[in-house]
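See structure below.
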Amino acid sequence: MTTPFAHRWARLAADRGPLCLGVAPSQKWLLAWALSPDLTGARAYCRIVLDAAGDRIGAVKVQTPFFERLGPAGLELLREFADAAHDRGMLVLADAKRGDADDTMADLAATFLGPDSVLRADAMSAAAFMGFGTLAPLLSHAHRTGTAVFVLVRTSNHGATEAQTAVLPDGRTVAQQLADAVAAANDGYGDAGPAAAVVGARAPESADLLGRLRDAVAEVPGLGRAGRDPDEVVGACGSLGPGRAMLTVTTGVLRHGPDPAALRRSLSAWQAETAARLSAAKVPA
Ligand SMILES: O=c1ccn([C@@H]2O[C@H](COP(=O)(O)O)[C@@H](O)[C@H]2O)c(=O)[nH]1
């Protein structure tokens, strides 16, 4: 029997804390780390990140475009990175933000999700712009393989507000409708549903959105960004059950690279801080 993603994450979050490390070998970051902005640089970047993460971090969120731009060798590198992350006990969230018609979704799942897929991730992010129903084949595959689909509910980029807070005829915002759809997609699975959510917690309405998710795992990006108050970001996660919050930091850690010792120090500090802030934010049952 395959262990559901939600249970695997809950166990890791209890052991290693709720922190997820963003992995972004973009040309910008490779140059900032004095690496060549090509496959060689990306390979070195991955080695440094894996060394820094060791076996203490529960999950990595990999920005797939920064690997895809490197062609077939970049995809091979992404797969090697996922294997190496698994060897260190981490879960891999492929942040591909994909969405398409439903007849493509089984193939998308076969590309990204699970040990028999091309890229062997434990989860991927997906957009429901073509209708939440188009995600059904992806969710079924995720259920079968113990993986998860992180649906974009409220993203952390500034430009997202107009589309995601638009009000629907039933009075809910687009983001609220998506959060409710994630919760409904997990109906019948208890606390082990394959639908998860991305909720950038800087937005003032994020606490409401997180509260709508019921048992779904929520990835909360944006920690460590200038202008973001970690208390505000983590505080919004107070209503999530144990092992449901996945708190992602990218820039906040990467800016300490490429020195592995500095990266490790930053990761440890974020790990301790997020765990403490999350437990302080918990709403008593
Ligand atoms: O809505 C968003 C906005 C940005 N990202 C990606 O996250 C990292 C930056 O993360 P920070 O923790 O805010 O530094 C960058 O790679 C963006 O592409 C995202 O996933 N969602």
Side-chain angles (χ1 to χ4, degrees), residues 17-33 35 37 41-42 45-46 49 52-53 57-70 74 78 81 91-99 112 121 123-129 148-165 173-175 178-179 196-206 209-210 217-234 236-237 245-257 263 266-267 269-271 273-274 277-278:
L19 193 69
C20 171
L21 174 62
V23 178
S26 62
Q27 297 193 51
K28 180 191 98 172
W29 278 114
L30 297 182
L31 291 169
W33 285 15
L35 298 169
Y45 171 102
C46 288
V49 167
I57 302 293
V60 279
K61 179 182 94 161
V62 184
Q63 290 298 116
T64 64
F66 300 141
F67 291 83
E68 291 170 89
R69 78 179 174 94
L70 299 166
L78 175 50
F81 182 86
L91 295 180
V92 177
L93 164 55
D95 197 3
K97 298 189 179 68
R98 296 286 292 271
F112 282 97
M124 70 177 291
S125 55
F129 191 72
V149 180
F150 280 75
V151 180
L152 305 179
V153 167
R154 183 72 169 95
T155 57
S156 61
N157 56 315
H158 288 285
T161 302
E162 188 181 5
Q164 295 171 6
T165 65
T173 64
V174 168
L178 288 166
V198 177
V199 180
R202 185 183 184 216
E205 73 277 21
S206 64
L209 296 172
L210 291 162
V217 175
E219 192 250 336
V220 179
L223 277 170
R225 272 260 186 205
R228 292 190 184 181
D229 172 1
D231 264 336
E232 184 189 14
V233 174
V234 182
C237 299
M246 183 182 275
L247 303 169
T248 304
V249 63
T250 306
T251 312
V253 168
L254 297 186
R255 65 168 161 249
H256 297 284
L263 283 168
S266 171
L267 267 172
W270 275 107
Q271 212 171 10
E273 193 178 319
T274 46
R277 282 184 202 273
L278 187 61

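Each ligand, and each atom within it, is numbered from 1 in the order the structure gives. None of the values given here were measured: they were computed from a predicted structure.
- Of the listed options Arg255, Gln63, Gln164, Gln63 places a heavy atom closest to atom 17 (C) of ligand 1.
- In this structure, Ala96 and Thr64 approach most closely via the heavy-atom pair CA-OG1, 3.3 Å.
- In this structure, Trp29 contributes its side chain and Arg255 its backbone to no donor-acceptor pair below 3.5 Å.
- Neither the backbone nor the side chain of Val198 has a heavy atom within less than 4.0 Å of ligand 1.
- For the pair Val249/Leu19, a side-chain contact is recorded, criterion being any heavy-atom separation below 4.5 Å from C-beta on.
- When each atom of ligand 1 is checked for a heavy atom of Asp95 under 4.0 Å away, the hits are 20 (O).
- Every residue meeting the side-chain hydrogen bond (donor to acceptor under 3.5 Å, both in side chains) condition with Glu273, not counting sequence neighbours, appears here in chain and number order: Arg277.
- Polar contact with ligand 1: absent for Thr248 (N/O pair, distance under 3.5 Å).
- Set against the non-hydrogen atoms of Ser156, the atoms of ligand 1 under 4.0 Å away are 1 (O), 2 (C), 3 (C), 21 (N).
- The one candidate from Lys61, Arg154, Lys97 that meets the salt bridge (Lys or Arg N to Asp or Glu O under 4.0 Å) condition with Glu219 is Lys61.
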